[in-house]
Amino acid sequence: MKHWLVKSEPEAYSWATFVQEDGTAWTGVRNYQARNNLNLMEPGDLVLFYHSVSEKAVVGIAEVAATATPDATAEVGSPWVAVALRPVQPLPQPVSLAQLKADVRLSELALLRQSRLSVLPVRPEEFDAVLALATK
DNA sequence: GCCAACGTTGGC
DNA sequence: GCCAACGTTGGC
């Protein structure tokens, strides 16, 4: 099983909406590196849900419900894909960007190294470290 | 509001 | 193929 992190501006699509809808197709990704990551996702992979811009915190855990399929919001024949995500559980406490940056276990976190990428891989030990911060 | 990082576009 | 111009993202 692999681990990932996806970003969303809460004003555009929030964790609360995601839970309310009991999951969604993760559409709208228009970056090749992010798309490549989407293509690597498999059902059961766990995904950290990060609120960018206004909140800057990991707020929940999602899981991949279905592998990548053509993004219905993109032109037919385009290279863009979407995966189905569904909520697993909110974090007991959000983990802020500042907390992530302050933790030595997360010094290699892709989110911190490539802040603009919206779909990022997370190492298992990094995933665990984030969960530990969420329950501290 | 500003700016750094970075991707894309288009002229040459 | 290079690079300047430009647009977008996201942190501060």
Side-chain angles (χ1 to χ4, degrees):
Chain A
M1 194 226 307
K2 297 184 292 293
H3 301 80
W4 308 94
L5 181 147
V6 297
K7 293 198 290 199
S8 182
E9 294 191 34
E11 291 74 19
Y13 189 81
S14 70
W15 171 260
T17 305
F18 180 59
V19 168
Q20 192 182 328
E21 296 179 347
D22 196 30
T24 193
W26 205 255
T27 56
V29 171
R30 298 291 183 271
N31 169 283
Y32 282 99
Q33 206 176 340
R35 180 209 60 168
N36 293 344
N37 288 332
L38 289 178
N39 276 326
L40 292 171
M41 290 187 181
E42 296 180 289
D45 286 358
L46 294 178
V47 183
L48 297 172
F49 194 110
Y50 177 81
H51 275 166
S52 64
V53 182
S54 57
E55 189 177 354
K56 286 170 286 187
V58 181
V59 294
I61 303 170
E63 101 182 291
V64 176
T67 51
T69 54
D71 184 339
T73 70
E75 273 184 55
V76 173
S78 77
W80 307 119
V81 300
V83 296
L85 297 182
R86 75 163 88 92
V88 174
Q89 61 184 59
L91 295 185
Q93 302 168 44
V95 178
S96 70
L97 181 63
Q99 281 177 284
L100 299 175
K101 284 185 170 178
D103 196 303
V104 290
R105 293 171 294 178
L106 299 172
S107 60
E108 303 288 313
L109 192 67
L111 175 71
L112 304 180
R113 306 208 143 218
Q114 249 185 303
S115 64
R116 287 187 56 205
L117 191 57
S118 63
V119 182
L120 305 135
V122 176
R123 295 175 189 163
E125 61 271 23
E126 292 171 336
F127 189 87
D128 291 342
V130 172
L131 293 197
L133 289 172
T135 54
K136 204 160 57 171

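Within every chain, numbering begins at 1; the chains are lettered A, B, ... in the order of the sequence lines, protein sequences first and strands thereafter.
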State which residues pass side chain to side chain contact (heavy atoms under 4.5 Å, CB included) with [X]; sequence neighbours excluded, sorted by chain then number.
| X | answer |
| --- | --- |
| A:S107 | none |
| A:R123 | A:E108, A:E125, A:E126 |
| A:L117 | A:N31, A:Q33, A:A34, A:N37, A:Q114, A:L120 |

Under 3.5 Å, sequence neighbours excluded: what are the donor-acceptor pairs made by side chains of residues 50-57 of chain A?
from  : atom 1 : to    : atom 2 : distance (Å)
A:H51 : ND1    : A:E55 : OE1    : 2.6
A:H51 : NE2    : A:W15 : N      : 3.0
A:S54 : OG     : A:E11 : OE1    : 3.1
A:S54 : OG     : A:E11 : OE2    : 2.7

Sugar-phosphate only, base, or nothing, as touched by A:L97 at under 4.0 Å among non-hydrogen atoms: sugar-phosphate
Contact list for residues 42-52 of chain A, test salt bridge (charged side-chain N to carboxylate O under 4.0 Å, His left out), sequence neighbours left out: A:K2-A:E42, A:K2-A:D45
Terminal contacting nucleotides, 5' and 3', DNA chain B versus chain A (heavy atom, 4.0 Å): B:dA5 to B:dT8
